[in-house]
Amino acid sequence: VSQWRAVIGLEVHAQLRTRSKIFCGCATSFGAAPNSHTCPVCLGLPGALPVLNAEAVRLAALAGLATRCTVELRSVFARKNYFYPDLPKGYQISQGDAPVCTGGWLEVDGRRLRIQRIHLEEDAGKLLHGEGTGQSWVDLNRAGTPLIEIVGEPDLCSPDEAVAYLRQLRAILLHLGVCDGNMEEGSLRCDANVSVRPSDDAPLGTRVELKNINSFRGVRDAIRYEIERQVTVIETGGRLRQETRLWHQDSGRTEPMRSKEEAHDYRYFPEPDLPPLVLTSTQVESWRQTLPELPGPRQARLERDLQLPAALAAWLCEAPARVAAFERVLGPQSTAEQAQALGHFLMTQAQAALVRSGRSWPEVDAAVPVLAEVCERWRSGQLSNKMLAELMAQAFSGDAPLEEALRQALAAAGSVVGDPAALAATIDEVLAAHSAEWAKYRGGQSQIFGFFVGQVMRRLQGKGDAKRVGELLRDRLA
Ligand SMILES: [Zn+2]
């Protein structure tokens, strides 16, 4: 595989965070009873007319501005015709050759990865298939949800680069508040075009489109699998077909889609029920003024001002809630050392507890302020390692909101026992209970010092201040 060059482009669909759908007033909220968020427009009833949601336009323009695209002052909606049961009109309203944003780029690890276009479109409904019943149901709550499709140029050359590009794109959309970025719920979806060629200047190989990718891991695994598959086909004398393949995460393979489901002739034509979308440059400039600090510059600032390692800064900036809470907790006066300690604590201890418990990052991000308190008490020695481990396990294991669970666990954990009188009393108890070992120690077996420390800590249920216990024991045994 190593001598082959992969050529990869991503098409990313992002659901816009508007309250209502793109062409009607129905709610976009997730998880409602099937078909309860529908009306004649999104059901595609004859005679119903679409009205464009202005907020969807603003969000699409923000996405374009943040990715260095040109926001076009005139763009056109078009009908993309195809038949599928989740598409009541028999066509999707999208944008064809006149999209709302064109020609941007992202910079990923020093490489400029181009974005060809961003266009607005409506989402389709959902089919629910009854297991073993042979029946399917149609839920049109999602039909008409506003989407942007961000079409990347085929500038990516490895699965890891594709993941890095998608991570940065997601972080930007999250910082803008344009999309919630939830890949499991499908509000951020990704298709990948993959081909291989023997060298960088050889003609492009046969392109395969991969669909059904719904996680970062899926992006990496699906592209990696597909590159290997294509190389194997070519090297064993076979011929690749230009086709659409579905990624199956469980089997770790791509499989061709049934031919009935692909090779559409979409017969694009301008949507007669909507006028062209016309913006003014004043409007676009006023939106540009509202752009927040984006993840790239924010990451650079954290690296510069707090001397955070790049990987840690990038990880913090992946989620605006996380980095905002991190910065709020630190405040303007904190040192680079404090920043690094808290960052590492979040990326290692909180991450580990999260993985074990199956909780989600947004919950953890909301709990960063109390996590910072936990971190500080642990760093200052008020919580022992054992106490920290127990506290984190307890707080993450329940069903209660994490912030509250952490506060309770922190209160219940109490503090390490550092009071010299209490420690001295415990040391006396231990020496009295283990007079034989004490005699051995006095006889020169200094290596059993650790045994006494262990016994004292045990009697204190792991809550002793280990450093002070050691000091007091040394004095007592001397
Ligand atoms: Zn509707």
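Along the sequence shown, residues carry numbers from 1. One-based numbering, in listed order, for ligands and for the atoms of each.
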- Given side-chain hydrogen bond (donor to acceptor under 3.5 Å, both in side chains), test His344 with Gln349 step by step and report yes or no. CA-CA 8 Å; His344 280 297; Gln349 308 273 359; over 6 Å; no
- Test Glu122 against every option in Lys21, Lys89, Gln92 by the side chain to side chain donor-acceptor pair (under 3.5 Å) rule and name the one that passes. Lys89
- Are there any protein N/O/S atoms under 2.8 Å from the Zn ion (ligand 1), and if so, which? Cys24 SG, Cys26 SG, Cys39 SG, Cys42 SG
- Query: Judged by atom type as modelled, is there a donor-acceptor pair below 3.5 Å linking the side chain of Arg111 to the main-chain atoms of Asp155?
  - Reply: yes
- May I have the step-by-step check of side chain to side chain contact (heavy atoms under 4.5 Å, CB included) for Glu107 and Leu113, ending in yes or no? CA-CA 6 Å; Glu107 190 179 309; Leu113 305 171; over 6 Å; no
- Is Arg170 salt-bridged to Glu318, going by a charged N under 4.0 Å from an acidic O? no
- Check whether any side-chain heavy atom of Cys157 lies under 4.5 Å from a side-chain heavy atom of Val7, and answer yes or no. no
